[in-house]
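A short write-up of the structure that comes next.
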Amino acid sequence: MRKLIGLLLLGAFAFYLVSLMPSVFSPQSRDHLETVGKPIIESAEQVSGSANVVTAIVVQYRGLDTLGEVTVLFVSALGVALLASSLKDRVFRSMFADDDGGFILQTGGRILLPFIVLIGVYIVAHGHLSPGGGFPGGVLIATAIFILLLTGQVSAMPHGLLNLLETLAGLGFIGLGALGFMGDNPSFLTNVLPKGQFMTLFSAGFIPFIYAMVGIKVASELTTVVSSLTEEGDAGTPKENHR
Amino acid sequence: MTLWIVLFLSILLILMALAAVFARSLASAVIILSALSLFTSLLFIMVAAPDVAITEAAIGSALTTVIFVLALYRTRTADRADSGSPKNSADEGALALRSTSEADHA
Amino acid sequence: MVSPLLFIIGPLGTAFLMILLNRRLVSLILALAVTLALGILALSWLPLTLQAAQPMVVASIPAPLGIPLSLDALGAGMAIIVALSALLVILYSSTYLRNDHAPVTYYAVVMLLLMASFGLVLTRDLFNLFVFFEILCISSYILVAWEQNSSALEASFKYMVLGSIGSTFMLVAIALAYRAAGSLAMADIAKAFSQANRGEVIVAAVLFLFGMGVEAAIFPVNTWLPDAHSSAPSSISALLSGFVIELSLVVLFRLGGTVFAQIHLLPVLQSIAIAGILVGEFSAFAQHEVKRTLAYSSIAQVGLMLFALSLGSPEGAQAGLLQLLMHAAAKSTLFLVAGYFILRTGSRFMEDYKGLGRRMPLSGLFFGLAALSLIGVPPFFGFFTKWGILQAAVNLGGTIAWIGITSILLGTTLEAIYLFRIFQILYAKGENDQVAEMEWPAVTAVALFVLVVVFGYFLLPVLTPVAGAAANALTNLF
Amino acid sequence: MISVPQVLYITSFLLILIGLYGVLTQRNLIRIVIALNVADSGINLLLVTLGYVDGGRVPIFTPGVQGAHMVDPVPQALVLTSIVIGFGVTALMLTLVMRIFAQRGTIDASRLRGLKW
């Protein structure tokens with residue numbers, strides 16, 4: 001019976017969208033955009049000073065979306081840490097009961113670790129020049145740390161430190177945004193820092209700093225998420241007092 | 001030229017989506033899902049969206065797969081713990097596979 | 001005047017501080033202080049917004065390029081309801097959740113729920129609305145799964161699946177809107193949709209209706225609500241039933257009135273509302289657990305508000321918003337008191353509360369007053385709001401309006417019966433051993449809610465102009 | 001001749017359909033989460049192709065590139081947010097699945113009382 005409802009629902013959904021296909025989704029003509037993207041591209045250099053227009057949009061034009069996105073990650077990290085804190089089965093202890101991933105895996109991981117972190121930091125720092133930015137860079141740094149976790153070299157993460165990094169980075173993001181209130185027309189997230197020379201590393205005002213905050217936050221949050229899912233007992237909550 | 005690449009990738013994507021949702025074993029479904037997200041980021045490159053491609057590759061295929069594997073491992077090991085009988089690692093794999101397939105048909 | 005962006009930065013910064021300091025008492029004090037401050041901020045902005053809406057700009061970039069925000073009478077009014085009821089519920093949960101294992105996380109997630117609620121009401125950008133809506137949903141998922149027993153976990157998972165399907169549909173609707181308007185600002189999309197061909201607007205409207213409808217507990221997509229509200233901690237059920245679902249309903253309705261104005265959704269919404277009232281009341285009638293009864297009654301009340309809003313007339317919308325305020329106070333009282341009934345007797349079933357009204361006199365009284373107002377018994381606030389809705393429906397006339405009136409009256413009688421049944425149990429002869437009354441924070445919180453419910457009539461002269469200004473804010477996007 | 005955006009629109013709709021069908025009919029909880037991820041990929045593809053201009057260039061200013069032929073950057077910024085939100089929801093759902101399994105010993109929706117629909 002459920003399969004029937006599923007089919008029925010999706011049939012209607014598909015019929016409607018297919019009937020819209022020709023009129024709505026005709027390919028845009030080649031050389032000009034009618035959307036809001038066109039004025040943004042033209043004003044990107046002057047308003048944000050960032051060569052990567054997508055980064056300019058993510059951090060400045062639609063900065064509130066990114067604030068919301070960082071909050072989404074923050075909430076789901078809190079939720080996962082909370083729910084995972086009572087998963088008592090010693091997952092990783094049993095996984096590595098007899099062998100801890102072997103010598104090759106461990107040394108290979110240790111060699112790879114600095115390079116991946118380097119790439120991650122590079123992507124975060126060059127968010128306003130080349131593709132990538134706080135989110136993929138942060139994820140890369142977190143993946144580098146997972147190598148230690150997944151090869152069993154580290155069993156528990158320093159949750160106090162991760163917790164500190166995560167919240168300080170969040171407060172840093174809000175602080176940088178609040179700088180905007182100091183500018184001539186005060187509003188949140190205005191890019192008041194000097195925009196520097198276009199297309200060079202030290203350009204685009206506060207965008208690199210905000211992306212650095214986002215990178216730190218994403219890296220520490222994802223490490224908390226994965227480590228609270230792999231460590232045993234109430235790993236998600238620092239011991240000294242109740243989270 | 002790009003049309004042919006996009007056409008090929010799209011057909012591949014749809015087949016993978018079908019495979020991911022209707023795969024026989026759960027483990028292969030998760031692997032196909034991470035491959036699907038990798039090919040989606042390839043498609044993003046073809047559509048001149050490198051930012052999105054990096055993020056999709058980093059979050060979609062690398063990170064989501066880690067969490068899926070953890071979920072798979074936990075639901076499988078807990079299954080064995082319920083059965084309560086101590087197993088040495090030799091036939092652990094066999095039982096694990098069987099219990100996964102059981103979980104599908106139940 | 002302090003910038004209304006504080007509605008968004010305030011709770012977020014507090015949540016970060018709480019997790020940083022990681023102390024239970026500090027988090028509680030921070031939570032109370034911030035909700036009170038935001039309530040006062042909303043009150044300070046209210047008189048200004050009554051004359052004209054206060055548009056704001058993020059990152060000093062004008063609307064189509066940047067994200068437009070605007071605080072109007074509806075926004076300020078909802079912000080006051082959200083801030084004050086959150087303040088009282090946090091005060092209540094300070095002792096209700098005494099032996100909880102992660103109190104700091106609890107207060108932090110409630111703060112983020114508040115941030116999302118304020119954001120939903122402020123934003124005038126479709127994708128920004130989606131992001132805040134997603135934060136609201138995820139915080140609700142976590143808070144519903146808070147008790148971590150198997151029924152809470154399953155209820156939360158079911159809620160997440162429905163919510164995710166809803167979000168997927170909303171994103172498709174946003175894609176259609178961006179395609180039609182080339183911009184994400186609601187004003188541009190409204191303009192573009194008014195000229196676009198009807199098929200496109202209908203599909204976008206139905207997708208959005210489904211997406212937001214899950215959270216607004218509209219009839220076909222609210223199967224998650226009874227499980228979620230009955231397995232969540234009572235303070236959370238009070239928040240969810242108090243303002244979270246109403247907020248999504250109001251925001252959804254504002255979109256219906258402005259962005260999707262071209263297609264006449266009103267008759268569709270009215271029939272959905274009537275279905276919601278009937279389904280809610282009949283299923284509440286058949287329940288044995290106190291919180292499931294209250295959850296189904298919330299479905300019916302949301303149906304009632306949707307019916308009032310979808311009458312289309314200004315006095316209908318005004319009566320609906322006043323009903324929203326009354327329901328926030330009355331339903332929160334019922335859930336908060338039910339929380340202590342469960343805490344004291346250890347059972348969720350109404351049969352086990354024999355004589356509890358006599359043994360916990362204050363809670364019994366509060367429960368009674370709130371229930372009477374919910375039914376709409378004359379001296380209480382509920383009577384005037386329900387009467388206003390019936391009045392607006394009569395003035396409108398038409399078959400659907402009359403079907404609505406009969407279903408409201410039928411629903412009210414059913415509501416009276418099942419709430420009276422609870423009274424009978426509460427004041428039945430039987431056990432007389434003394435049961436500890438609610439702790440003082442809970443008593444003050446519930447008492448303040450009951451004040452609104454009992455003396456609502458005297459607040460009417462103040463509330464009607466605000467509700468009137470909020471009602472016309474529903475149909476145009478300042 | 002069929003153009004790149006139309007191929008991608010069809011693919012994204014099919015992905016969304018497959019994903020939603022999987023969510024509605026699969027019984028294993030992890031498969032429901034997998035199907036949701038498939039639908040998310042479909043949605044992200046749909047949003048990105050909205051901004052595609054045939055033969056458009058990557059929206060990044062490098063020496064010698066003017067803004068004229070650039071692809072529309074706004075949908076790309078939206079998809080960045082949507083991917084992260086999708087991950088947040090998936091992580092939370094999978095943790096719930098682990099907890100449900102730890103307590104009920106089964107991840108088959110039809111056997112879980114609360115999840116019948």
Side-chain angles (χ1 to χ4, degrees), chain C residues 64-67 125-128 130-135 137-142 144-145 148-185 207 210 221 223-224 226-228 230-231, chain D residues 5 9 12-13 15-17 19-20 23-24 26 29 32-33 35-51 72 74-75 77-79 81-82 84-86 88-107 109 112-117:
Chain C
L65 278 69
I67 294 178
D125 178 279
L126 214 53
F127 190 76
N128 202 235
F130 169 75
V131 171
F132 281 125
F133 180 73
E134 206 58 35
I135 301 172
C137 289
I138 294 181
S139 330
S140 317
Y141 303 149
I142 295 173
V144 162
Q148 300 198 28
N149 51 47
S150 57
S151 70
L153 293 171
E154 283 163 34
S156 179
F157 189 84
K158 182 175 175 179
Y159 184 13
M160 276 187 101
V161 169
L162 263 174
S164 305
I165 297 176
S167 306
T168 312
F169 278 167
M170 260 176 86
L171 270 176
V172 174
I174 290 174
L176 285 174
Y178 184 73
R179 180 74 214 190
S183 134
L184 286 162
L207 292 177
F210 182 95
V221 281
T223 49
W224 59 272
D227 297 335
S230 61
S231 47
Chain D
Y9 286 133
S12 52
F13 281 139
L15 280 177
I16 297 170
L17 292 192
L20 288 183
V23 169
L24 289 172
Q26 288 296 341
L29 296 188
I32 292 179
V33 184
L36 264 173
N37 270 27
V38 169
D40 266 351
S41 296
I43 281 277
N44 295 338
L45 193 60
L46 171 68
L47 278 169
V48 172
T49 29
L50 273 182
D72 182 358
V74 172
L78 306 185
V79 170
T81 311
S82 156
V84 173
I85 290 178
V89 172
T90 312
L92 202 57
M93 273 180 126
L94 286 174
T95 317
L96 268 176
V97 168
M98 292 186 212
R99 283 301 305 277
I100 290 176
F101 198 96
Q103 284 186 350
R104 296 297 298 272
T106 165
I107 46 172
L112 292 164
R113 187 192 53 77
L115 282 173
K116 289 218 174 7
W117 48 5

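Predicted model only: the values in this text are computed from it and were never measured. Quick note on labels: first sequence line is chain A, next is B, and so on, each numbered from 1.
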Checklist entry - Which answer fits Leu96(D), side chain, backbone, both or neither, if we ask what part of it has an atom under 4.5 Å from a heavy atom of chain C? => result side chain
Item to check | Test side-chain contact (heavy atoms from CB on, under 4.5 Å) applied to Leu126(C) and Met170(C), step by step | outcome: CA-CA 10 Å; Leu126(C) 214 53; Met170(C) 260 176 86; over 6 Å; no
Next on the checklist: Heavy-atom pairs under 4.5 Å with chain C: which of Ile85(D), Leu78(D), Ile43(D) has the most?
Outcome noted: Leu78(D)
Checklist outcome for this item: If you tally heavy-atom pairs under 4.5 Å between each of Pro75(D), Gly19(D), Ser12(D) and chain C, the highest tally belongs to Pro75(D)
Checklist entry - What part of Phe169(C) lies closer than 4.5 angstrom to a heavy atom of chain D: side chain, backbone, both or neither? => result side chain
Checklist entry - So what's closer than 4.5 Å to chain D heavy atoms on Ser150(C): side chain, backbone, both or neither? => result both
Next on the checklist: For Asp40(D), give me all partners under salt bridge (Lys or Arg N to Asp or Glu O under 4.0 Å), at least two apart in sequence or on another chain.
Outcome noted: none
Checklist outcome for this item: The side-chain hydrogen bond (donor to acceptor under 3.5 Å, both in side chains) partners of Ser164(C) (sequence neighbours excluded) come to none
Checklist entry - When the ring centroid of Phe133(C) is compared with that of Phe130(C), is the distance short of 6.0 Å? => result no
Next on the checklist: So for Leu184(C), is it side chain, backbone, both, or neither that comes closer than 4.5 Å to the heavy atoms of chain D?
Outcome noted: side chain
Next on the checklist: Between Leu36(D) and Val89(D), does the side-chain contact (heavy atoms from CB on, under 4.5 Å) criterion hold? Intermediate values first, please.
Outcome noted: CA-CA 10 Å; Leu36(D) 264 173; Val89(D) 172; 5.7 Å; no
Item to check | Structural part of Leu92(D) lying under 4.5 Å from a heavy atom of chain C | outcome: both
Checklist entry - Can you check side-chain contact (heavy atoms from CB on, under 4.5 Å) on Val48(D) and Asn44(D), steps first, answer last? => result CA-CA 6 Å; Val48(D) 172; Asn44(D) 295 338; 5.5 Å; no
